[in-house]
Amino acid sequence: WISVTSDTELIIEKLQNLKIDNLNKINSLIGIGNIKKILDKWEANSDNDNEEFWQLTFMQHSWILAQLFSHPIIILNDKAYVGGKSYTNKGGNIVDFLYQNKITSNVILIEIKTPKTSILGKKYRSLYSISEELSGSINQILNYKEEIQKNYFNLFEKFENKYFTFNPKCLIIAGSVEDELDDNTKLKSFEIFRND
């Protein structure tokens, strides 16, 4: 009924008349439905190595990325220019997603890779090193972070709403735990790196 009703005021009125327990049940069911939908998409596409596909998927389901932070975030822009062009208009840096902390207005940079991106490299003594692809992605997003901080006034001073770049968080979504972290040594190697 809600999905086919165009009268949003009527929907709000009906929802306000529900008891809090019933509202919580509806909210939980919607959340479970969303999670099942995205898990089905993952299972059908876990071998997909097309970055554009994954960027569009995260754009359509931006709530997934919001779950990764302990504060509310909103998407400011996808494929956001963060600086770096020369006087010849070449060399610009484009981050996949630019999010904003809804409370402090600080930005968050998110770079999307694919499930086929290697996470770990060769074994080094008793642990594994990080893959060349992942370390390259880290340097890429750290470069974006530096550019957005250097170009803050040129990028944001004309905006009505203020955005800040106070040591912005950077997030890379890459690889597949299921495919690559198949033993405790690999898992430990990745977690030691990721947690720092």
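This is a predicted model, so every value here is computed, not measured. Just so you know, these numbers use all the heavy atoms, side chains as well, and skip hydrogens, waters and symmetry mates.
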Report the distance from atom CG of D78 to atom CD of Q55, rounding to the nearest 0.5 Å.
5.5 Å
Quick one: CD1 on I172 to CD on E133, what's the gap to the nearest 0.5 Å?
11.5 Å
At their closest point, which heavy atom of K41 faces which heavy atom of T57, and how far apart are they?
CE-OG1, 3.7 Å
Between I141 and Y81, is there shared hydrophobic-cluster membership here, with clusters defined by ILVMFWY side-chain heavy atoms closer than 4.5 Å?
yes
Can I75 be reached from F69 by stepping across I, L, V, M, F, W or Y side chains whose heavy atoms are under 4.5 Å apart?
yes
Do you know which two heavy atoms are closest between S46 and P115, and how far apart they sit?
O-CB, 3.3 Å
Are W63 and L171 co-members of a hydrophobic cluster defined by side-chain heavy atoms under 4.5 Å apart?
yes
Working to the nearest 0.5 angstrom, can you tell me the gap between L10 CG and L15 CG?
9.5 Å
What donor-acceptor contacts under 3.5 angstrom involve side-chain atoms of residues 16-32, with partners at least two apart or in another chain?
from	atom 1	to	atom 2	distance (Å)
N17	ND2	E13	O	3.2
N24	ND2	I20	O	3.4
S28	OG	N24	O	3.0

Report whether M59 and I112 are members of the same hydrophobic cluster (ILVMFWY, side-chain heavy atoms less than 4.5 Å apart, transitive linking).
yes
Residue pair L98, L109: steps toward the side-chain contact (heavy atoms from CB on, under 4.5 Å) verdict
CA-CA 5 Å; L98 187 62; L109 291 86; 4.2 Å; yes
Between S129 (side chain only) and K122 (backbone N and O only), is there a donor and an acceptor less than 3.5 Å apart?
yes
Side chains of F190 and L134, heavy atoms from C-beta outward: is any pair under 4.5 Å?
yes
How long is the straight-line distance from CG of N34 back to CD1 of I64, given to the nearest 0.5 Å?
8.5 Å
Please tell me whether I103 and L65 are part of a single hydrophobic cluster in this structure, the criterion being side-chain heavy atoms less than 4.5 Å apart.
no
Shortest non-hydrogen contact from Y152 to Y163?
OH-O, 2.5 Å
Below 4.0 angstrom, N of the basic side chain to O of the carboxylate: do E52 and K79 qualify?
yes
Which atoms form the tightest heavy-atom contact between N93 and G84, and what is the distance?
ND2-CA, 3.7 Å
Taking all atoms of both residues into account, what is the closest heavy-atom pair of Q149 and P168, and its distance?
NE2-CD, 3.5 Å
Can you find a pair of side-chain heavy atoms, one from F193 and one from S135, that are under 4.5 Å apart?
no
State whether a side-chain donor-acceptor pair under 3.5 Å links T114 with E51.
no
Take atom CG of N184 as the centre, draw a 6.0 Å sphere, and report whether it contains more than 12 heavy atoms from other residues, nucleotides or ligands.
no
Output, in order, the C-alpha distance, side-chain angles, deciding distance and verdict of side-chain hydrogen bond (donor to acceptor under 3.5 Å, both in side chains) for K145 and N167.
CA-CA 8 Å; K145 178 181 176 178; N167 194 25; 2.6 Å; yes
Hey, what do you get for CG (N45) to CG (N50), rounding to the nearest 0.5 Å?
10.0 Å
Flag yes if more than 12 heavy atoms outside E132 fall under 6.0 Å of its CD atom; otherwise flag no.
no
Taken to the nearest 0.5 Å, the spacing of S62 OG from Q67 CD works out to 10.0 Å
Grab the two heavy atoms, one from N48 and one from W54, that are nearest each other, plus how far apart they are.
O-NE1, 2.9 Å
Note, W42 side chain near E178 side chain (heavy atom, < 4.5 Å):
yes
